[in-house]
2 protein chains.
Amino acid sequence: MVTTQQTKRLLNYRTALHHLKNIGFHRIYSYTLGNEVGVSADIVRKDLSTLNVSGKKRGGYDIGPLIERLEDYFSIHEDHEVILFGAGNIGRALMNYSGFRKNKIFIIAAFDNDPMKTKTGNDIPIYPMVEAERFINQHGINVAILAVPANAAQHVCNQVISYGINSIMNFAPVVLKVPKRVHVSNINLYDELMNVFFMGRTLKEPEL
Amino acid sequence: MVTTQQTKRLLNYRTALHHLKNIGFHRIYSYTLGNEVGVSADIVRKDLSTLNVSGKKRGGYDIGPLIERLEDYFSIHEDHEVILFGAGNIGRALMNYSGFRKNKIFIIAAFDNDPMKTKTGNDIPIYPMVEAERFINQHGINVAILAVPANAAQHVCNQVISYGINSIMNFAPVVLKVPKRVHVSNINLYDELMNVFFMGRTLKEPEL
DNA sequence: TAGATTGTTAATCGATTAACAATC
DNA sequence: TAGATTGTTAATCGATTAACAATC
């Protein structure tokens, strides 16, 4: 079984491998790759072995095929379509975020209740919320990003699930209640940053 | 010892408790709070017991003092000052993000290399990068947010560490290499969203 | 009192690390 | 060949879960 933690490491390996390839590497040792993403060589080897990738004893892993295997595993070469709820600060930043587009993730529409924010001429149209159900069905969308205010999040969440969404990336500082079949990934910017402050205060270890 | 995971749960408890208080609760059971943040009652009790908070057998925990204890623990009532590097999409969204200000986290300045983006009239001044060292020293800043392009991230990171920063929240899709005394929290939006797509494809469990 | 809930100790589970044989 | 690295199995570590006595 592949866990969420492992999945995130695999995505990290992919990023690191692209970087290493760009700077001229063709082969990589588990030790080097681990160092690059901040995990041990043992974990790298174990992760890769669960993907049935094998290296050469003493020769390491070929970067090209390894990237291919990772990208196949995540179906990275396919287009990924997602819709966005909430065209506020965070929502707009995500619409313009090139890191998605470069990797074939496309926010194909946004939805907002504020009529001031809806407009359809742009790259990414922003529709009123009432259009969401039709749009989701028409385009067969499964994944939604929630960047709505905290007090609206659970309500919008319930709605989009009823329209057929089964995976949600949630930026609202609320732990959403969803049926088991729905997957939610929470990004709580305040918690993350507060935690950074806290760790900075706590960590007083000697320098490397 | 309090782990990072535990720390994040504690912040989640705080948010949930504020919510519960707002809707009229004064007491809470470990079971209820756990349900609210998606963890077991056992974990809630254990977490709270490491904070030396005690409840009443059969009566649960008083919400008011519990919130106080959590906010003391994180020094939430103090002002927290942080500076931002990179005034692109993500950077600007963070500058306008009310979730920080509401909780006494203030981005007091931003830095960017692009002269088109620097301006000082606004709420949050945006300075050229060369001003960073002076600013950090003058204001005694320890925490920085990095929202710069991937290819600049390690360089900017090295710089800010040399200026005295010891805690970093990093939005660039790069695993930063830092001395042990420096704490980094990575937020990789692409990885998160790709993982949501992946989980949506993987999870085909029966409905709740 | 009986029932419910806390607080803590013990058992389980899973993930990381260590160890090492295989082999290039 | 000797040395280095993979791939896998066993040992360790830590976190979650189960169990249960204390008690309101």
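Proteins come first, then strands; the chains are lettered A, B, ... in the order of their sequence lines, and each starts at number 1.
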Visitor: Quick one: are B:Ser185 and A:Met199 in side-chain contact, heavy atoms under 4.5 Å?
Guide: no

Visitor: Could you tell me whether B:Glu78 and B:Lys104 make a salt bridge, using a distance below 4.0 angstrom between a side-chain N and a carboxylate O?
Guide: no

Visitor: Where do B:Asn158 and B:Gln154 land on the side chain to side chain donor-acceptor pair (under 3.5 Å) test, with the steps shown first?
Guide: CA-CA 6 Å; B:Asn158 296 344; B:Gln154 184 65 60; 2.8 Å; yes

Visitor: Quick check on DNA chain C: between A:Gln5 and A:Lys56, whose nearest nucleotide comes earlier from the 5' end?
Guide: A:Gln5

Visitor: When you measure from every atom of DNA chain C, which of residues 36-54 of chain B have a heavy atom less than 4.0 Å away?
Guide: B:Arg45, B:Lys46, B:Ser49, B:Ser54

Visitor: For the residue pair A:Ile168 and B:Val196, establish whether any side-chain heavy-atom pair is separated by less than 4.5 Å.
Guide: no

Visitor: Testing B:Ile76, B:Leu10, B:Asn103 one by one against A:Met194 for a side-chain contact (heavy atoms from CB on, under 4.5 Å), which residue passes?
Guide: B:Ile76

Visitor: Phosphate oxygens OP1/OP2 of C:dG7: is one of them under 4.0 Å from a side-chain N or O of B:Tyr61?
Guide: yes

Visitor: Send over the distance from B:Asp62 CG to C:dT6 P, rounded to a whole Å.
Guide: 12 Å

Visitor: Do A:His80 and A:Val143 come close enough that some side-chain heavy atom pair is under 4.5 Å?
Guide: no

Visitor: To the nearest Å, how far apart are B:Ile28 CD1 and C:dA4 P?
Guide: 18 Å

Visitor: Using Watson-Crick or G-U wobble geometry with both distances under 3.5 Å, which nucleotide pairs with C:dT6?
Guide: D:dA21

Visitor: Would you call the rings of A:Phe135 and A:Phe111 parallel, tilted or perpendicular, taking 30° and 60° as the class edges?
Guide: perpendicular

Visitor: Specify the residue among B:Ser30 and A:Gly59 whose closest nucleotide of DNA chain C lies further upstream toward the 5′ end.
Guide: B:Ser30

Visitor: A:Arg58 has a side chain; which of D:dA15, D:dG3, D:dC24 sits nearest to it?
Guide: D:dG3

Visitor: For B:Arg9, report the nucleic acid contact type (base, sugar-phosphate, nothing); a contact means any heavy atom under 4.0 Å.
Guide: sugar-phosphate

Visitor: I need the OH-P distance between A:Tyr29 and C:dC24, as an integer number of Å.
Guide: 15 Å

Visitor: Does any N or O donor sit under 3.5 Å from an N or O acceptor when you compare the side chain of B:Lys57 with the base of C:dT6?
Guide: yes

Visitor: So what's D:dA11 paired with, Watson-Crick or G-U wobble, going by both distances under 3.5 Å?
Guide: C:dT16

Visitor: Between P on C:dT16 and CD on A:Gln6, what's the gap in Å once rounded to a whole number?
Guide: 8 Å

